[in-house]
Amino acid sequence: QVQLVESGGGSVQAGGSLRLFCAASGVPYNYCMAWFLQDPGKEREGVAARSGYSTRYGDSVKGRFTISKDNAKSPLYLQMNSLKPEDSGMYYCAAVFCDWVSLSPNDYDHWGQGTQVTVSS
């Protein structure tokens, strides 16, 4: 059974950094895993996604965020640098058995509960 638990969120000033963690159990290494951001009243959007051989980033975070996973048993990480107020929201970890790396939430079927990030100006 797949279980995803996020942590690492918090409050930071613009320009600062945060590192999010997603503890994943029951997720084979060849699954795709991703981070999504959701603001209240907005649709969930893809931030970054990875498989064992490929990564993808949303346009708004390219060059600032890095998704990584060291091995099959390590957490999924999201290193967030040069944070902006528009990066604020609930960040969700997701996983799916995949053939290609997707940033669409509709393509993922396992979700964590989320961790809140607030970036103040």
Side-chain angles (χ1 to χ4, degrees):
Q1 183 178 358
V2 174
Q3 290 188 322
L4 306 172
V5 180
E6 303 93 334
S7 61
S11 297
V12 64
Q13 289 191 327
S17 297
L18 281 174
R19 194 181 197 197
L20 303 185
F21 303 84
C22 174
S25 61
V27 179
Y29 191 66
N30 59 354
Y31 266 39
C32 286
M33 296 190 71
W35 289 98
F36 291 86
L37 166 63
Q38 187 165 26
D39 271 337
K42 295 185 180 180
E43 293 187 355
R44 199 167 289 190
E45 65 174 291
V47 173
R50 69 171 300 282
S51 66
Y53 53 85
S54 180
T55 58
R56 289 185 66 186
Y57 293 93
D59 289 340
S60 65
V61 306
K62 286 179 181 177
R64 299 189 298 123
F65 289 13
T66 302
I67 187 171
S68 63
K69 194 176 190 298
D70 295 332
N71 54 58
K73 294 185 178 182
S74 73
L76 179 72
Y77 303 103
L78 183 67
Q79 178 67 43
M80 306 188 294
N81 298 328
S82 302
L83 282 161
K84 305 175 182 179
E86 51 263 43
D87 296 323
S88 297
M90 189 70 77
Y91 281 76
Y92 295 92
C93 175
V96 68
F97 176 76
C98 65
D99 293 322
W100 60 285
V101 180
S102 171
L103 284 173
S104 170
N106 296 328
D107 291 331
Y108 288 80
D109 51 17
H110 301 286
W111 293 88
Q113 295 301 306
T115 185
Q116 179 69 37
V117 171
T118 302
V119 184
S120 58
S121 57

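The structure presented is a predicted model; accordingly, all values stated were derived computationally and were not measured. Numbers here simply count residues along the sequence, with the first being 1.
In terms of the side chain to side chain donor-acceptor pair (under 3.5 Å) criterion, R19 has no residue partners (sequence neighbours excluded). Among residues two or more places apart in sequence or in another chain, the side chain to side chain donor-acceptor pair (under 3.5 Å) test is passed with T66 by none. Under the ring pair (Phe, Tyr, Trp, His ring centres under 6.0 Å) criterion, Y92 pairs with no residue at all, not counting sequence neighbours. Applying the side chain to side chain donor-acceptor pair (under 3.5 Å) criterion to D59, with sequence neighbours excluded, gives K62. Looking at residues two or more places apart in sequence or on another chain, you find no ring pair (Phe, Tyr, Trp, His ring centres under 6.0 Å) involving F65. Here R56 pairs with nothing under the side chain to side chain donor-acceptor pair (under 3.5 Å) rule; sequence neighbours left out. For V96, the side chain to side chain contact (heavy atoms under 4.5 Å, CB included) partners two or more places apart in sequence, or in a different chain, are C32, C98, Y108, D109. A14 is linked by a side chain to side chain contact (heavy atoms under 4.5 Å, CB included) to P85, V119, counting only residues two or more places apart in sequence or in another chain.
Cluster membership check: L18 does not share its hydrophobic cluster with F36, using side-chain heavy-atom separations under 4.5 Å among Ile, Leu, Val, Met, Phe, Trp and Tyr. Put simply, F97 and V2 are part of the same group of oily side chains (I, L, V, M, F, W, Y) that touch within less than 4.5 Å, one to the next. Hydrophobic cluster membership is shared by V61 and Y91, with clusters built from Ile, Leu, Val, Met, Phe, Trp and Tyr side chains linked at under 4.5 angstrom. Both V12 and V47 are part of a single hydrophobic cluster, where members link through side-chain heavy atoms under 4.5 Å apart. There is a path of hydrophobic side-chain contacts, each under 4.5 Å, that joins W35 to L4.
Between the CD atom in E43 and the OG atom in S104 there is a gap of 9.5 Å [rounded to 0.5 Å].
By the 4.5 Å heavy-atom criterion applied to side chains, S68 and Q79 are not counted as neighbours. At a threshold of 4.5 Å between non-hydrogen side-chain atoms, the residues M33 and C93 count as touching. At a threshold of 4.5 Å between non-hydrogen side-chain atoms, the residues V117 and L20 count as touching. The shortest side-chain heavy-atom distance between D39 and E86 does not fall under the 4.5 Å cut-off. A heavy-atom distance below 4.5 Å is not found between the side chains of L37 and R44.
Sequence neighbours left out, the pairs with a member in residues 94-103 that pass side-chain hydrogen bond (donor to acceptor under 3.5 Å, both in side chains) are S102-D107. Screening residues 3-16 for side-chain hydrogen bond (donor to acceptor under 3.5 Å, both in side chains), with sequence neighbours left out, gives no hits. Residue pairs meeting the salt bridge (Lys or Arg N to Asp or Glu O under 4.0 Å) criterion with at least one member in residues 63-80, sequence neighbours excluded: R64-D87.
For the pair N71 (side chain) and S74 (backbone), a donor-acceptor distance under 3.5 Å is present. Not one N or O on the side chain of S54 forms a donor-acceptor pair closer than 3.5 Å with the backbone of S51.
The two residues A49 and V101 have their closest heavy-atom pair at CB-CG1, 3.4 Å. Here the closest heavy-atom approach between residue A48 and residue L78 is recorded as CB-CD1, 4.1 Å.
Cluster partners of F21 are Y77, counting Ile, Leu, Val, Met, Phe, Trp and Tyr whose side-chain heavy atoms approach within less than 4.5 Å, directly or via other members.
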